[in-house]
Each structure stands twice: as structure tokens, then as C-alpha cells.
Amino acid sequence: KKKEGSEPEAKTKDAKEGQRLKESKEKDQDVKQVSPKEKKKLTEQAIAEIRQGVSKIGVQKAGAPFVPPEWSEKYKPILGPYKQFLKDHSDEFVLVTEKSGDFIIRLPDQLDPP
């Protein structure tokens, strides 16, 4: 017999999913609005910095991806979350996910880690 006041599992799942969508939309709104020209310039700077960092030997050990030191302050407010930025630029970067769920970044022409 069902306890009174308990929610069916499906409704709980829907509520959790709704909360995740709400939080995701709120995160999207956190991205600072700038002119397309400014965003393009910052995007090019970020790509150059990431490419340079990923190319250095031993930077991405033990499943820890290279992250530009100033990502949170300089890039994230305009370009958004780092992993999403990488996914949005799949022509520039390949994410290699490890069994643990961690990932490292490769350049498209990189087969092996530097």
C-alpha cells in the first residue's frame, strides 16, 4: 500500500530534470553580452592559448585537462563554461574521455599526448 503524500518516482524524476533545465538556463544567462567583434577576438585568443597549452609536454597528466589560468576571470564571463567552449569548437579540439569520466584535450592532428 502506498504511503500518503509520497510522490511516484516518475514525478520526482521529472521535477529533478526540470530543476536541471532551470539551472542550465540560469547559467546561460550568466554569460556576459558583448559585441560579436569582441566575442570573436576573445574566442581567437582563447583558442590560441588552449592550442599552445595543449601542445606542451606533460601538461595534461592523470586526466586533468589544460585550462588557461585566467579562464574563469577573462574568458568564462563571455565565452561560457570551458568544456562547453571546447565542444562548441570541435573543429579545433578533440575531447578524449577516460574511463573515470575525466577528459583531456587533443588537437585534431595529435594522435598521442605530447
Side-chain angles (χ1 to χ4, degrees):
K1 197 173 180 182
K2 248 182 165 180
K3 288 183 182 178
E4 216 170 295
S6 68
E7 282 187 51
E9 193 174 318
K11 282 188 180 180
T12 304
K13 270 187 175 178
D14 288 345
K16 286 180 183 176
E17 185 61 28
Q19 182 64 30
R20 276 194 286 266
L21 288 173
K22 181 181 175 190
E23 288 169 2
S24 175
K25 285 179 185 174
E26 287 171 0
K27 284 180 187 172
D28 290 345
Q29 291 170 355
D30 288 345
V31 176
K32 191 174 171 184
Q33 297 300 313
V34 295
S35 74
K37 186 178 178 181
E38 287 178 283
K39 187 172 182 176
K40 183 178 184 210
K41 182 179 177 186
L42 201 62
T43 298
E44 289 169 357
Q45 288 175 0
I47 289 172
E49 191 171 342
I50 297 165
R51 289 181 68 84
Q52 183 179 8
V54 170
S55 298
K56 291 180 184 174
I57 294 173
V59 171
Q60 301 186 98
K61 288 187 176 180
F66 169 78
V67 179
E70 298 178 342
W71 183 267
S72 292
E73 299 82 27
K74 181 178 179 181
Y75 299 112
K76 186 177 181 178
I78 296 167
L79 304 178
Y82 186 57
K83 190 171 184 179
Q84 188 59 50
F85 177 82
L86 296 170
K87 288 179 180 181
D88 291 345
H89 294 87
S90 58
D91 56 325
E92 296 282 345
F93 309 108
V94 177
L95 301 185
V96 180
T97 305
E98 299 184 344
K99 290 178 185 174
S100 64
D102 294 333
F103 71 96
I104 52 175
I105 306 158
R106 297 276 183 260
L107 303 177
D109 58 350
Q110 264 184 339
L111 296 176
D112 297 312

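Only a predicted model underlies this, so the values are computations on that prediction, with no experimental measurement involved.
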Gap between atom [atom2] of [Y] and atom [atom1] of [X] - 0.5 Å precision:
X     : Y      : atom1 : atom2 : value
Gln84 : Lys76  : CD    : NZ    : 12.0 Å
Ile47 : Leu107 : CD1   : CG    : 11.0 Å
Leu86 : Phe103 : CG    : CZ    : 6.0 Å
Trp71 : Phe66  : CH2   : CZ    : 10.5 Å

In the structure I gave you, are the side-chain heavy atoms of [X] and [Y] within less than 4.5 Å of one another anywhere?
X      : Y      : answer
Leu79  : Lys39  : yes
Phe93  : Arg51  : yes
Asp91  : Pro108 : no
Leu42  : Val34  : no
Gln45  : Tyr75  : yes
Gln52  : Pro68  : no
Thr43  : His89  : yes
Ile105 : Leu95  : yes

Checklist line | Smallest separation among heavy atoms of Pro65 and Gln60, with atom names | finding: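 Smallest interatomic distance, heavy atoms only, reads CA-OE1, 3.4 Å.
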
Margin query: Looking at every heavy atom in both Ser72 and Pro77, which two are closest together, and how far apart are they?
Written below: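 Closest approach of Ser72 to Pro77, heavy atoms only: O-CD, 3.4 Å.
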
Note to self: What verdict does the side chain to side chain contact (heavy atoms under 4.5 Å, CB included) test give for Lys83 and Lys87, after you've listed the backbone C-alpha separation in whole Å, the side-chain angles of each residue and the deciding distance to 0.1 Å?
What the structure shows: CA-CA 6 Å; Lys83 190 171 184 179; Lys87 288 179 180 181; 4.0 Å; yes

